[in-house]
Amino acid sequence: MNAANTIMTLTTTMSVFTIYAYGVWGLLTSVVLFLVMLFLWQRNRFFFAPSSPSPRSTPSASSFNTDSIISTPRTSNFVTYADLKFLMEILDEKLNENDKWEDVLDRRNHHLCYSVKCFKPKNGPLRYLSKTVFNDISSEMLRNFYMDNDYRKQWDKTVIEHNQLQVDKSDGTEVGHTIKKFPLLTPREYVLAWKLWQGSDKTFYCFMKECEHPLVPRQRKYVRVEFFRSGWQIREVAGSNACEITMFHQEDAGLNMEMAKLAFRKGIWSYVCKMDDALRRYSAINYHLSSSVNTSLNLMQKVPAYLDSVRSNISRAHPTVFDDQVNAESQKQVIQRRPSRKFLANSLLLLGGATALCLSRGHSSLGAKVAIAYVLTKFSKRGARSNQS
C-alpha cells in the first residue's frame with residue numbers, strides 16, 4: 001500500500017509540474033521520471049516481496065538430478081549371463097552346428113601354437129574363432145596379461161589411448177574407452193563394457209561388447225565402432241605345462257569385408273608373435289599387479305553352477321606340435337609350396353579385382369590404400385628375396 005500511495009503521489013506531483021511548465025520539455029521530463037520510479041518499484045518488489053519459489057528454479061533442480069543419474073548409468077544389462085552362455089556355446093561350436101567355418105591360418109613356433117578360422121553369418125560382420133596355446137605359462141598369468149590394460153599400452157602400439165569410465169561393484173561390470181590407430185585408416189574408437197568370471201579348476205572367461213556412455217560423446221576425428229562382440233576362455237592344457245586361450249571375435253569397424261579378411265590373414269601371425277614376446281617379458285617381471293588387473297580381480301564373478309557344467313574344465317592336449325618338432329620332410333613341403341612367378345602375377349590380378357570390389361562398394365579410398373600398401377609390401381619382400389637368391 002505504501003508503494004502504491006508513493007506512486008500516486010509522484011504521479012500527481014508530475015502532473016502539477018507539467019501544468020506549471022506549460023512546455024514540451026516539462027512533459028518529457030515527467031514521463032521519464034515516471035518510468036524510472038516504476039522500474040525501481042518493480043525491482044524492489046522482485047527482490048524483497050515474500051513469494052513462492054519461481055517456476056525457473058524447478059527445471060534447474062530437475063536438470064541437476066538428471067545429470068547425476070546420467071553420469072553413472074546402470075550397467076546391469078551391459079554384460080549378462082546370457083552373454084556368458086552365448087560365449088560358451090560358440091567356443092564349443094554348439095551354437096549353430098551347421099555353420100561352415102573356413103580355416104584362415106595355422107602357425108606355430110617353439111613358444112606357441114595358433115590357429116584361427118572364420119564364418120560369415122547372413123547378417124553381421126565376420127566371426128573369428130581362434131585358439132592359442134602358450135608353452136610354460138600358467139592360466140593365472142595369461143589372465144592377468146589379458147586384463148592388464150596399462151601394460152597393453154606399452155607393447156600394443158595400435159592402442160594410443162585407454163581410459164576407465166566406470167566400475168560397477170554390484171555386478172562386476174567395467175566400462176572403458178579405447179582409441180586404436182591403424183596404418184592408413186582413421187583412428188577407431190571403442191566404448192566397451194566387459195565382465196570377468198572364474199569357473200572350476202583355474203578356468204576364466206571374459207566377454208566384451210559395445211555400449212554407450214555419457215562421458216564419451218562422439219567426435220568427428222574418430223570412427224566409432226558400432227558393433228563389437230568378443231570373448232575368451234583361458235584354461236590349462238591337460239598333461240602339459242601350457243595353457244590355452246580360445247577366443248571369439250566379431251567386429252564391424254567400417255571396413256570392406258574382403259579387404260579386412262585379407263589384412264587379418266597377413267598381419268595376425270606377426271601380431272600374435274609380438275604379443276607372445278610381451279607375455280614372456282610380463283611373466284619375467286616380478287612386480288605388483290597394476291590397478292587395472294587389481295580392479296578386474298576384485299570384481300571377478302563366479303560362473304553359475306548351471307553354466308559351469310556346460311564346458312569341460314581342462315582342455316585336451318592341443319593336436320599340434322611346436323616348431324622344434326617339425327621334421328625335415330615337412331620343411332621340404334613348405335619350401336615346395338612357395339608361390340611361382342605366375343602365381344604372383346595372378347595374385348596381382350586378384351588384388352586388382354579386390355580393389356575394384358572396394359571401389360564399387362563405396363570404400364574407394366580405404367580399399368585403394370590397403371591394396372596399394374599390400375602390393376608394395378609384397379613387391380619389396382619378393383624383390384629382396386630374388387636378389388639374395
Worksheet item: Between atom CG of Leu126 and atom NZ of Lys261, what is the distance when rounded to the nearest 0.5 Å?
Response: 6.5 Å
Fill in: Verify same cluster id: Phe78, Leu215 (apolar side-chain graph, 4.5 Å)
yes
Worksheet item: Quick one: NZ on Lys120 to CZ on Arg127, what's the gap to the nearest 0.5 Å?
Response: 10.0 Å
Practice prompt. Would you indicate whether the side-chain heavy atoms of Leu165 and Val191 approach each other to under 4.5 Å?
Written response: yes
Discussion item. Could you see if Leu299 belongs to whatever hydrophobic cluster contains Tyr146? Use Ile, Leu, Val, Met, Phe, Trp, Tyr and a side-chain cutoff under 4.5 Å.
Written reply: no
Fill in: Contacts of His249 that satisfy ring-ring contact (aromatic ring centres under 6.0 Å, His included) - sequence neighbours left out
Phe228
Worksheet item: So among Asn149, Asp150, Asn144, which one has a side-chain contact (heavy atoms from CB on, under 4.5 Å) with Ser290?
Response: Asp150
Discussion item. What's the separation between atom CD1 in Ile234 and atom CD in Glu140, rounded to the nearest 0.5 Å?
Written reply: 10.0 Å
Discussion item. Is it the case that the side chain of Lys153 and the backbone of Lys157 share a donor-acceptor pair, with hydrogens and angles ignored and the cut-off at 3.5 Å?
Written reply: no
Worksheet item: Where do Pro187 and Ile179 come nearest, in terms of heavy atoms and distance?
Response: CB-CG2, 4.1 Å
Discussion item. Check for me, please, whether Met247 and Val104 land in the same ILVMFWY cluster - side-chain distances under 4.5 Å, paths through other members count.
Written reply: yes
Worksheet item: Are Ile160 and Leu185 connected in a single hydrophobic cluster, I mean Ile/Leu/Val/Met/Phe/Trp/Tyr linked by side-chain heavy atoms less than 4.5 Å apart?
Response: no
Practice prompt. Give a yes or no answer on whether the side chain of Lys169 reaches the backbone of Thr173 with a donor-acceptor pair at less than 3.5 Å.
Written response: no
Response to the item:
Closest non-hydrogen contact found for Leu91 with Trp232 is CD1-C, 4.3 Å
Worksheet item: Which word best sums up how the rings of Phe86 and Phe207 line up, parallel for under 30°, tilted for 30 to 60°, or perpendicular for over 60°?
Response: perpendicular
Worksheet item: Which residue, Leu84, Leu196, Val79, Leu87, forms the side-chain contact (heavy atoms from CB on, under 4.5 Å) with Cys206?
Response: Leu196
Worksheet item: Of the non-hydrogen atoms in Asn163 and Glu161, which two are nearest, and what is the gap between them?
Response: ND2-OE2, 3.0 Å
Side chains of residues 268-276: which donor-acceptor pairs under 3.5 Å do they make with residues two or more places apart or in other chains?
from, atom 1, to, atom 2, distance (Å)
Ser270, OG, Gly267, O, 2.9
Tyr271, OH, Arg152, NH2, 3.0
Tyr271, OH, Asp156, OD2, 2.9
Lys274, NZ, Trp155, O, 3.4
Asp276, OD1, Arg280, NE, 3.1
Asp276, OD1, Arg280, NH2, 3.2

Item to complete: Report the C-alpha distance between Glu93 and Lys117 in whole Å, list the side-chain angles of each, state the deciding distance to 0.1 Å, and finish with yes or no for side-chain contact (heavy atoms from CB on, under 4.5 Å).
Response: CA-CA 12 Å; Glu93 301 182 43; Lys117 52 188 177 181; 2.7 Å; yes
Fill in: Trace of the side-chain contact (heavy atoms from CB on, under 4.5 Å) decision for Met208 with Arg229
CA-CA 6 Å; Met208 295 156 279; Arg229 303 295 162 89; over 6 Å; no
Worksheet item: Is it true that Arg218 and Glu212 make a salt bridge, defined as a side-chain N closer than 4.0 Å to a carboxylate O?
Response: yes
Worksheet item: Backbone N or O of Glu244 within a donor-acceptor pair of the Thr132 side chain at under 3.5 Å?
Response: no
Fill in: Between Trp197 and Gln301: side-chain donor-acceptor atoms closer than 3.5 Å
no
Discussion item. Measuring from atom OG1 of Thr246 to atom CG of Leu129, what distance do you get when rounded to the nearest 0.5 angstrom?
Written reply: 7.5 Å
Item to complete: Not counting sequence neighbours, which residues clear salt bridge (Lys or Arg N to Asp or Glu O under 4.0 Å) with Glu189? List them please.
Response: Arg224
Worksheet item: If Ile, Leu, Val, Met, Phe, Trp and Tyr residues are connected whenever their side-chain heavy atoms lie under 4.5 Å apart, and connections chain through other members, are Trp194 and Val225 in the same group?
Response: yes
Discussion item. I need the minimum non-hydrogen distance between Met147 and Ser292, along with the two atoms involved.
Written reply: O-OG, 3.7 Å
Item to complete: Hey, could you give me the SG/CG distance between Cys113 and Asn135, rounded to the nearest 0.5 Å?
Response: 8.5 Å
Item to complete: Determine whether more than 12 heavy atoms belonging to other residues, nucleotides or ligands lie under 6.0 Å from atom NZ of Lys209.
Response: yes
Worksheet item: Do Tyr128 and Phe264 have ring centres separated by under 6.0 Å?
Response: yes
Response to the item:
Correct closest heavy-atom pair for Val303 and Asp308 would be CG1-N, 3.7 Å
Worksheet entry | Flag, side chain of Asp252 to backbone of Glu226, donor-acceptor distance under 3.5 Å | no
Discussion item. Side chains of Asp168 and Gln166 only: does a donor on one sit below 3.5 Å from an acceptor on the other?
Written reply: no
Worksheet item: Salt bridge between Arg188 and Glu251, side-chain N to carboxylate O under 4.0 Å?
Response: no
Fill in: Ring-face cation of Lys180 near Tyr190 (centre distance under 6.0 Å, axis angle within 45°)
yes
Worksheet item: Does the pair Phe145 and Phe134 meet the rule for a side-chain contact (heavy atoms from CB on, under 4.5 Å), with working shown?
Response: CA-CA 12 Å; Phe145 174 77; Phe134 295 94; over 6 Å; no
Worksheet item: To the nearest 0.5 Å, how far apart are OG1 in Thr178 and CD in Gln164?
Response: 9.5 Å
Practice prompt. Could you go through the side-chain contact (heavy atoms from CB on, under 4.5 Å) check for Cys118 and Glu102 one step at a time?
Written response: CA-CA 5 Å; Cys118 69; Glu102 175 188 352; 4.1 Å; yes
Worksheet item: Is there a donor-acceptor pair closer than 3.5 Å between any side-chain N or O of Arg265 and the backbone N or O of Leu105?
Response: no
Worksheet item: Got a donor-acceptor contact below 3.5 angstrom from the Gln233 side chain to the Thr203 backbone?
Response: no
Worksheet entry | Considering all heavy atoms, the nearest Tyr151-Ala278 contact | OH-O, 2.9 Å
